[in-house]
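Worksheet: one structure, shown below.
Below, all heavy atoms of this structure are taken into account, side chains as well, without hydrogens, waters or symmetry copies.
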Amino acid sequence: MLLNCGQQLPLLRHTEVPPRVIENFILTGYRFPNYSLKDCLLSAFRPTNETGNFWTHFLPVFIFSYYFVEVFGWEGAPHADDPFFYPLWNYYIGVFCLLMASSMAHLLNSMSLVVREVCFFVDYGTISSYTVGSSLAYYYYIHPRAGIVEIGGRNDSHMDLKHEPAHSPILSPYAMPEFSVFFETFYIPSACVVAIICVLSCCNTRQRWRQYRYVIRTFVFLLPFLVSSTPVFYRLLTRSPYSPTSSSFAASTSMPSFFYRHCFWLLVSAVFNISKIPERLAPGCFDIWGHSHQWFHCCTFLSILDELHMIKTEVRAILLSPNLLLPPATLARLPGPTIASTYGVMFFLQTTIISIITWFSWHANCIYGPERDQLEKEHLNKHLKCH
């Protein structure tokens, strides 16, 4: 551990830190990559080039949680531990882990070069977990057949079939059979496979392809967005499953606008992450506050917040139509959420991601471990005069 004689460690210029630590167009404000845990925690309240990166994802944890818990107070909503909310809780877990892992990665990455690598491997892993959490929420709340009972009497979205016998099967004209195989069999597995590919690709950019790392990391997450959002695209290209005169239809009308805003903020965040604007235009002027990664964080959170509002509109629409509540597996082609189909999926994904992170972390230790030990030795000798 680096000795600092009880004083704050000095912030350094880009010429004074290992090349691995340097960020493009950021010239000052670097913490030396051998901070103690205490030094890292205290640096959250000290202006460095990572302070804004920490707060722009740590504070949103509380903002997101505030809007999330609102659902459980709605009239007609089941208890928070009801199976109906399993997908929503998995979505919350994904977002919470993403925001916390990102903020902690920026706060703790100066402990050593190896810790820096591990921090960002975990960060990439939680991004993939978040995309699968989103997919689970989309599947159970925005899926083309989400909540639409196949066997039973009429409901608000089947008014044109009201003369059918109560015991006959009801096939919603909203659900297109040609897409049923993908949505009901391949959608969630595809989301998981793509998430794993993204983790592997992003972790590789820290050891290879570094020249194009920001472009790769940005575009590699467009694929899970496209896969996860297919239920939303389907909804936008077809009609609503709810009767135009129902309260559910009124509640779901704002879903498209939230989705378009979600896409807009994702696009803006990608522009900031790739362009490195504004620091590219004035190197050294945005080292502490206002550089592109902070704007990237802000825009990604705004996209997540609009995504939450979009999911909430669909949850409210289902809750306003008791006949459309997700039914047991015996009553519909789309089974209701279970522990295995929600938490089980996330557990499998997390186990796989942890295995990937462990492998890359071991490889990073082989690369940077000797360099870390040499840096600690040099700076220990340098600061011995304090004693």
Side-chain angles (χ1 to χ4, degrees), residues 57-101 126 129-143 145-149 155-157 188 228 231-232 235 240-242 246-259 261-262 301-329 331-332 334-347 349-350:
H57 262 180
F58 184 72
L59 291 179
V61 171
F62 303 97
I63 300 173
F64 181 84
S65 299
Y66 171 80
Y67 285 105
F68 175 81
V69 298
E70 180 185 26
V71 175
F72 306 118
W74 287 346
E75 182 179 355
H79 196 269
D81 62 357
D82 190 89
F84 175 75
F85 284 130
Y86 286 173
L88 196 63
W89 277 114
N90 277 268
Y91 173 66
Y92 176 82
I93 291 170
V95 174
F96 178 84
C97 291
L98 165 65
L99 296 176
M100 287 299 296
T126 56
S129 297
Y130 151 71
T131 62
V132 173
S134 298
S135 298
L136 288 170
Y138 290 177
Y139 181 74
Y140 284 105
Y141 304 128
I142 311 180
H143 183 290
R145 289 193 57 77
I148 299 178
V149 180
N155 58 38
D156 286 344
S157 65
I188 295 299
S228 297
V232 185
R235 172 68 66 84
S240 171
Y242 307 111
S246 68
S247 55
S248 295
F249 181 88
S252 67
T253 53
S254 59
M255 186 273 283
S257 62
F258 284 127
F259 179 69
R261 279 167 41 181
H262 168 65
F301 175 66
L302 289 173
S303 75
I304 290 173
L305 199 58
D306 278 325
E307 180 185 49
L308 173 64
H309 291 320
M310 176 183 70
I311 293 171
K312 285 168 62 177
T313 62
E314 293 304 300
V315 171
R316 181 184 284 275
I318 294 176
L319 291 175
L320 288 173
S321 291
N323 291 333
L324 293 182
L325 282 173
L326 295 173
L331 297 180
L334 177 63
T338 64
I339 291 178
S341 67
T342 53
Y343 293 104
V345 169
M346 286 293 280
F347 178 78
L349 178 72
Q350 295 285 18

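Between the OH atom of Tyr343 and the CD1 atom of Ile93 there is a distance of 5.5 Å, given to the nearest 0.5 Å. Expressed to the nearest 0.5 Å, how far CG of Leu136 lies from CD1 of Ile311 amounts to 10.0 Å. For the atom pair Leu98 CG and Met100 CE, the distance stands at 11.5 Å (nearest 0.5 Å). Here the OG atom belonging to Ser134 is positioned 11.0 Å from the CG atom belonging to Asn90, to the nearest 0.5 angstrom. In this structure, OG1 on Thr126 lies 8.5 Å from CD on Gln350, to the nearest 0.5 angstrom. Between the OH atom of Tyr140 and the OG1 atom of Thr342 there is a distance of 6.5 Å, given to the nearest 0.5 Å.
Under the 4.5 Å side-chain criterion, counting only non-hydrogen atoms from C-beta, Tyr91 is in contact with Leu308.
Partners of Ala77 according to the side chain to side chain contact (heavy atoms under 4.5 Å, CB included) rule, which considers only residues two or more places apart in sequence or in another chain, are Trp74, Phe85, Leu319.
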**OP:** Let me see the working for Thr338 and Ser341 under side-chain hydrogen bond (donor to acceptor under 3.5 Å, both in side chains), right down to the final yes or no.
**Re:** CA-CA 5 Å; Thr338 64; Ser341 67; 3.0 Å; yes
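Within a 6.0 Å radius of CZ in Phe96, other residues, nucleotides and ligands contribute 12 heavy atoms or fewer. Shown here is Phe72, whose CZ atom has more than 12 heavy atoms of other residues, nucleotides or ligands within 6.0 Å.
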Can I get a per-line list of side-chain donor-acceptor pairs under 3.5 Å for residues 60-70, giving both atom names and the distance, sequence neighbours left out?
unit_1: Ser65; atom_1: OG; unit_2: Val61; atom_2: O; d: 2.8
unit_1: Ser65; atom_1: OG; unit_2: Tyr92; atom_2: OH; d: 2.8
unit_1: Glu70; atom_1: OE1; unit_2: Lys312; atom_2: NZ; d: 2.5

